[in-house]
Student: 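Here it is, the structure, as structure tokens.
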Amino acid sequence: MPNAALSTGQVGARQPQMLDTFDARKVKEIYHLEPHPETGRLIDSHPGTRSKPMRVLCLGMSRTGTMTLFHALQKLGYNPYHMTVAIMSPRTSLALWGEALRAKYHGESPGWGRAEFDKLLGDYDGVSDVPCNLFTEELIAAYPDAKVVLQTRDVEPWLRSMDNTAGAINRWRSWETVAAWDPSLAGPFVRFRDLVCPIAFRTIRDFSSADTPARQAFADHYAHVRRVVPRDRLLEYKVQDGWGPLCAFLGEEVPDEPMPHVNDAEQFVFAHGLMWWLAFGKMVSNVSLMVGVPAAGIVAAVWWRRAS
């Protein structure tokens with residue numbers, strides 16, 4: 001259960017800075033996408049087009065410095081896509097990525113290629129983090145001129161980081177219950193989590209055991225990227241290596257400032273805790289409308305005791 005001490009003041013003090021890539025007009029434009037009347041696919045209703053060349057594909061696992069690399073690319077003048085961008089329009093973006101994942105891994109519809117990626121990623125010239133890293137073959141085929149950065153870290157600290165972030169929040173009880181009352185944020189998140197985590201990590205919650213399937217998923221992912229990406233397009237990179245190898249590989253000048261180092265673990269847990277509590281508040285509010293405030297309070301108290 002997430003920490004209950006999420007006051008308004010804390011939210012204001014710790015709320016992540018809005019990303020430069022956020023465009024409220026475009027988010028509103030695609031928020032109510034409906035499946036295309038002929039193909040039945042959401043992506044075919046998306047109005048996006050490619051506005052700039054795709055230049056770099058960062059295909060390492062989550063929790064390997066993806067946020068540091070995201071900010072570093074911004075410092076270099078790129079406009080990269082990251083999971084934090086997708087979550088700004090969760091109902092649409094997560095549904096679109098879910099459609100892509102189901103197409104590739106479950107064969108539910110035609111797989112995505114250049115046309116589909118251009119719609120969703122057309123305003124971005126770089127990608128990082130899940131779910132983009134699950135489309136290695138498709139992205140390197142779609143963007144043959146883009147360079148590939150494979151950021152990595154040792155598997156043991158990676159597992160600890162995953163267990164303290166994604167593993168921790170996914171072990172909170174009653175996600176499915178509270179998410180059912182929040183169709184705009186928690187609902188899309190839980191549906192996407194239940195789809196992407198088994199594909200990316202082969203688990204949703206288990207990152208701490210010695211035989212966690214995530215360990216082999218990590219090894220298999222890196223072996224796969226090394227196998228399919230031509231060596232002359234690939235940089236294996238740890239964010240601790242700093243600007244030098246990254247800028248040399250991308251052909252960029254080294255900035256006259258330190259490489260950003262962003263450890264967003266605490267922020268990650270906080271943001272998901274806030275999501276959980278907002279969904280819980282919606283649940284209590286809706287129940288109170290149906291059965292009355294006093295009865296809703298009793299129901300919430302009994303439910304809380306059983307869920308804790």
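Since we're looking at a predicted model, the values are computed, not measured.
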Student: Are Phe249 and Leu139 linked, directly or through intermediate hydrophobic residues, by side-chain heavy-atom contacts shorter than 4.5 Å (ILVMFWY only)?
Tutor: no

Student: Using 0.5 Å steps for rounding, measure from the OG1 atom of Thr68 to the NE2 atom of His261.
Tutor: 7.0 Å

Student: Can you tell me how far apart CG (Leu150) and CG (Leu57) are? Round to the nearest 0.5 Å.
Tutor: 11.5 Å

Student: Are the side chain of Arg226 and the backbone N or O of Leu234 linked by a donor-acceptor pair below 3.5 Å?
Tutor: no

Student: Please name the pair of heavy atoms, one in Leu96 and one in Leu120, separated by the smallest distance, quoted to 0.1 Å.
Tutor: CD1-CD1, 3.9 Å

Student: Could you check whether the rings of Trp97 and Tyr81 sit parallel, tilted or perpendicular, using 30° and 60° as the cut-offs?
Tutor: tilted

Student: If you round to the nearest 0.5 Å, how far is CZ of Arg41 from CG of Leu33?
Tutor: 13.0 Å

Student: Anything under 30° is parallel, anything over 60° is perpendicular, the rest tilted; go ahead and classify Trp158 against Phe218.
Tutor: tilted

Student: Is it true that a side-chain atom of Arg205 and a backbone atom of Asn170 form a donor plus acceptor pair closer than 3.5 Å?
Tutor: yes

Student: Check whether Val85 and Val262 end up in the same hydrophobic cluster, where Ile, Leu, Val, Met, Phe, Trp and Tyr are linked by side-chain heavy atoms less than 4.5 Å apart.
Tutor: yes

Student: Quick check: does any side chain N or O of Lys282 sit under 3.5 Å from a backbone N or O of Asp182, one acting as donor and the other as acceptor?
Tutor: no

Student: Would you give the length of the straight line joining atom OG of Ser128 to atom NE2 of His71, rounded to the nearest 0.5 angstrom?
Tutor: 10.5 Å

Student: Dump the intermediate steps for side chain to side chain contact (heavy atoms under 4.5 Å, CB included) on Tyr78 and Gln74, then the final yes or no.
Tutor: CA-CA 5 Å; Tyr78 291 73; Gln74 287 184 321; over 6 Å; no

Student: Just wondering, do His272 and Ile87 contact through their side chains at under 4.5 Å, heavy atoms?
Tutor: no

Student: Give the minimum heavy-atom separation between Phe117 and Ala142, together with the two atoms involved.
Tutor: CD1-CB, 4.5 Å

Student: Any idea which heavy atoms bring Trp243 and Pro260 closest together, and the distance?
Tutor: CZ2-CD, 3.6 Å

Student: Sub-3.5 Å donor-acceptor pair from the side chain of Arg50 to the main-chain atoms of Leu121, do we have one?
Tutor: yes

Student: Distance-only, no hydrogens or angles: does the Ser174 side chain make a donor-acceptor pair with backbone N or O of Thr177 under 3.5 Å?
Tutor: no

Student: Mind telling me whether Trp175 and Trp172 have parallel, tilted or perpendicular rings, with 30° and 60° as the class edges?
Tutor: parallel

Student: Is the closest side-chain heavy-atom distance between Leu246 and Leu69 below 4.5 Å?
Tutor: yes

Student: Indicate yes or no: does Glu137 engage Lys104 in a salt bridge with an N to O separation below 4.0 Å.
Tutor: yes

Student: Looking at OG1 of Thr136 and CZ of Arg227, how far apart are the two atoms once the value is rounded to the nearest 0.5 Å?
Tutor: 10.0 Å

Student: Quick test of your reading: applying side chain to side chain donor-acceptor pair (under 3.5 Å), list the pairs with at least one residue in residues 55-67, sequence neighbours left out, ordered by first then second residue.
Tutor: Arg55-Asp125, Ser62-Asp129, Arg63-Ser161, Arg63-Asp264, Thr66-His82

Student: Hydrophobic cluster membership, with links at side-chain heavy-atom distances under 4.5 Å among I/L/V/M/F/W/Y: are Val239 and Val148 in one?
Tutor: no

Student: Is Asp154 salt-bridged to Arg160, cutoff N-O under 4.0 Å?
Tutor: no

Student: Are any side-chain N or O atoms of Ser208 and backbone N or O atoms of Asp163, one a donor and one an acceptor, separated by less than 3.5 Å?
Tutor: no

Student: I'd like to check Pro213 versus Asp206 (side-chain heavy atoms, cut-off strictly below 4.5 Å). Are they in contact?
Tutor: yes

Student: Is it true that, when you exclude Glu257 itself, more than 12 heavy atoms of the residues, nucleotides or ligands shown sit nearer than 6.0 Å to its CD?
Tutor: yes

Student: Mind checking the CZ-CG spacing from Phe192 to Leu101? Nearest 0.5 Å is all I need.
Tutor: 5.5 Å

Student: So do the side chains of Leu94 and Arg191 get within less than 4.5 Å of each other, counting heavy atoms only?
Tutor: no

Student: Which heavy atom of Pro90 sits nearest a heavy atom of Pro188, and at what distance?
Tutor: O-CB, 3.8 Å

Student: Out of curiosity, does Tyr143 fall in the hydrophobic cluster containing Leu235 (side-chain heavy atoms, cut-off under 4.5 Å, transitive links)?
Tutor: no

Student: Just by modelled atom types, is the His36 backbone N or O under 3.5 Å from a matching donor or acceptor in the Ser45 side chain?
Tutor: yes

Student: If you apply the rule side chain to side chain contact (heavy atoms under 4.5 Å, CB included), what do you find for Leu250 with Val56, and how did you get there?
Tutor: CA-CA 8 Å; Leu250 297 177; Val56 59; 3.9 Å; yes

Student: So, His46 side chain and Leu42 main chain: donor-acceptor pair closer than 3.5 Å or not?
Tutor: no

Student: One pair to check against side chain to side chain contact (heavy atoms under 4.5 Å, CB included): Phe135 and Leu59. What are the steps and the verdict?
Tutor: CA-CA 9 Å; Phe135 295 90; Leu59 300 178; over 6 Å; no

Student: Can the positive tip of Lys52 be found less than 6.0 Å from the middle of the six-membered ring of Tyr124, inside 45° of the ring normal?
Tutor: no

Student: Residues in side chain to side chain contact (heavy atoms under 4.5 Å, CB included) with Ala200, at least two apart?
Tutor: Val130, Leu134

Student: Hey, is the main chain of Gln151 close enough, under 3.5 Å, to the side chain of Glu236 for a donor-acceptor pair?
Tutor: no

Student: Can you check whether Ala146's main-chain N or O pairs, donor with acceptor, with Arg233's side chain at less than 3.5 Å?
Tutor: yes

Student: In plain terms, say whether Glu156 and Arg215 are close enough for a salt bridge, that is, a side-chain N and a carboxylate O under 4.0 Å apart.
Tutor: yes

Student: Between Asp44 and Lys119 (salt bridge meaning N to carboxylate O under 4.0 Å), is one present in this structure?
Tutor: no

Student: Which heavy atom of Ala279 sits nearest a heavy atom of Ala186, and at what distance?
Tutor: CB-CB, 3.7 Å

Student: Check the hydrophobic clustering (I, L, V, M, F, W, Y; side-chain heavy atoms under 4.5 Å; chains of links allowed) and say if Met67 and Leu73 are grouped together.
Tutor: no

Student: Show the numbers, then the answer: is there a side chain to side chain contact (heavy atoms under 4.5 Å, CB included) between Val127 and Met54?
Tutor: CA-CA 9 Å; Val127 301; Met54 180 65 74; 3.9 Å; yes

Student: Ignoring hydrogens, what is the shortest heavy-atom contact between Gly242 and Tyr237? Give both atom names and the distance.
Tutor: O-OH, 2.7 Å

